[in-house]
Q: 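Take a look at this one; I'll ask things after.
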2 protein chains.
Amino acid sequence: MSATTRAQIVEAADRLFYEQGFEHTSFTAIAETVGISRGNFYYHFRTKDEILAAVIDFRIETTRDMLRQWAAETADPAQRIRRFIRIVLTNGADIREFGCPVGTLTAELAKLRHPSRPEAVALFTLFRDWLAGQFTALGHHPATADAMALHVLAFSQGVATLANAFGDDDFVRREVDRLEAWLAGGLTL
Amino acid sequence: MSATTRAQIVEAADRLFYEQGFEHTSFTAIAETVGISRGNFYYHFRTKDEILAAVIDFRIETTRDMLRQWAAETADPAQRIRRFIRIVLTNGADIREFGCPVGTLTAELAKLRHPSRPEAVALFTLFRDWLAGQFTALGHHPATADAMALHVLAFSQGVATLANAFGDDDFVRREVDRLEAWLAGGLTL
DNA sequence: GTCTATAGATTGATAGAC
DNA sequence: GTCTATCAATCTATAGAC
């Protein structure tokens with residue numbers, strides 16, 4: 001079926017872009033992963049940039065679903081924020097090997113001066129706004145809540161980058177504990 | 001002169017790798033920047049990987065010089081650490097546009113599974129050990145000092161990634177103030 | 001040491017048969 | 001919708017004249 005093949009392409013490209021980077025991933029690699037010919041490819045996507053756009057849209061959808069899921073699991077904002085903080089543990093193996101999918105894609109597209117870069121940044125904004133919403137629910141003013149959201153995002157990016165570089169699990173655990181203590185304590189910025 | 005041409009190639013590649021990424025930077029781009037022909041290129045470097053190795057060596061040298069310079073400017077370990085923390089302000093314009101040169105190169109080489117990746121990580125280690133040395137001088141045990149060094153490194157990577165994504169100067173300033181307060185205060189991990 | 005010319009492989013993308 | 005065959009451009013890398 002057409003929709004299935006298209007979905008297969010998007011999911012394969014999503015994973016390959018994460019593991020190898022956008023530019024380094026060739027049509028050949030995606031086609032081989034899906035098990036179709038390179039020619040068939042162009043029936044579904046006319047350019048590589050179209051695939052990237054589809055992959056980003058796919059990530060935005062799955063991220064929205066994930067955040068909704070987290071919100072459904074608990075009504076406690078602090079617990080929700082903790083869920084985010086612990087991604088670096090939950091996805092520890094992937095992060096050690098390939099870094100954060102959002103951070104590394106955004107950084108690559110910045111260097112390529114790629115037109116889809118704003119959409120990749122929108123992925124960050126999704127987390128940012130969701131986190132800010134939780135801090136607002138904890139009683140903080142919107143501006144403070146946003147600053148706290150960025151602080152948590154910066155934590156995740158810093159930890160992911162160093163986890164990828166050094167592969168040090170103890171470091172990740174320590175930083176998670178530290179930020180959870182900050183969350184349970186004064187939330188000083 | 002030969003040495004000069006070689007140095008020119010390394011410096012041009014250093015900048016282009018930072019601005020455009022390693023893989024996206026072609027021999028043509030480097031040759032055009034230096035003002036030599038593509039053919040001449042291969043008299044100085046046989047492969048692209050050799051240029052990368054030379055660029056990393058160059059960065060290691062300049063980083064060593066910079067750390068020595070910082071150490072020469074003040075004997076106060078806290079002041080030295082503050083010098084590092086403020087890089088995200090000092091190099092603010094570049095970081096907003098291209099991210100951290102160490103973090104983005106390390107991340108790219110991880111995805112490419114490039115043989116020179118350990119040498120890129122060694123750049124991180126240079127900062128890590130230097131920072132740990134300062135925390136040790138402040139009276140902390142080696143293991144604690146190293147954990148603090150990683151914490152400061154994670155800060156710089158997180159701030160750099162988000163500064164690159166959002167271009168928000170206020171965020172950077174806030175995070176610098178916060179970490180300097182941590183440094184002046186209890187240094188809680 | 002620097003150049004021009006070119007090889008050889010790979011890339012993104014197209015045309016047309018089935 | 002999927003395939004094979006192919007194009008044009010680009011890339012890394014080489015050969016050989018000056």
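Side chains are part of it too, since the values below use all heavy atoms of this structure and drop only hydrogens, waters and symmetry mates. What you are looking at is a predicted structure, and each value in this text was computed from that prediction instead of being measured. So you know, we letter chains A, B, ... as the sequences are listed, proteins then strands, and number each from 1.
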Q: Who are the salt bridge (Lys or Arg N to Asp or Glu O under 4.0 Å) partners of B:E23, not counting sequence neighbours?
A: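 For B:E23, no residue satisfies salt bridge (Lys or Arg N to Asp or Glu O under 4.0 Å) once neighbours in sequence are set aside.
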Q: If we check side chain to side chain donor-acceptor pair (under 3.5 Å) with B:R96, which of these qualifies: B:D169, B:N164, B:N91?
A: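 Exactly one pass, corresponding to B:D169.
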Q: Between A:S37 (side chain) and A:N40 (backbone), is there a donor-acceptor pair under 3.5 Å?
A: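 Side chain of A:S37 to backbone of A:N40: a pair is present.
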Q: Whether the side chain of A:Y18 engages the backbone of A:L105 through a donor-acceptor N/O pair (distance < 3.5 Å, no angle test) should be reported.
A: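 Between the backbone of A:L105 and the side chain of A:Y18 there is no qualifying donor-acceptor contact (under 3.5 Å).
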Q: May I have the distance from A:F41 (atom CZ) to C:dA15 (atom P), rounded to whole angstrom?
A: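 Between P of C:dA15 and CZ of A:F41: 18 Å.
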Q: Find out whether A:V176 and A:F155 are in side-chain contact, i.e. whether some heavy atom of one side chain is under 4.5 Å from a heavy atom of the other.
A: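 They are in contact (side-chain heavy atoms under 4.5 Å apart), so the answer is yes.
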Q: State which residue, out of A:E97, A:Q20, A:H24, fulfils the side chain to side chain donor-acceptor pair (under 3.5 Å) condition with B:R113.
A: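 Testing B:R113 for a side chain to side chain donor-acceptor pair (under 3.5 Å) against A:E97, A:Q20, A:H24 leaves exactly one candidate, A:E97.
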Q: Compare side-chain N and O positions of A:Y43 against OP1 and OP2 of D:dT2 and report whether any pair is under 4.0 Å apart.
A: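 For A:Y43, the contact criterion (side-chain N or O under 4.0 Å from OP1 or OP2 of D:dT2) is not met.
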Q: Is the shortest side-chain heavy-atom distance between B:F84 and B:L153 below 4.5 Å?
A: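 Yes, at least one pair of side-chain atoms sits under 4.5 Å.
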Q: Starting from the first five and the last five pairs of the helix from C:dG1-D:dC18 to C:dC18-D:dG1, work out the angle between the resulting helix axes, to 10 degrees.
A: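 For the helix from C:dG1-D:dC18 to C:dC18-D:dG1, the axes at opposite ends meet at about 0°.
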Q: Could you run through nucleotides 3-18 of chain D and give me one letter per nucleotide, 5' to 3': B if any protein heavy atom sits under 4.0 Å from the base, S if only the sugar-phosphate is that close, - if neither?
A: BB-B----SBBB----
Q: Looking at B:F166, is A:R128 sitting on its ring face, NZ or CZ under 6.0 Å from the six-membered ring centre and within 45 degrees of the normal?
A: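 Yes, a cation-pi geometry.
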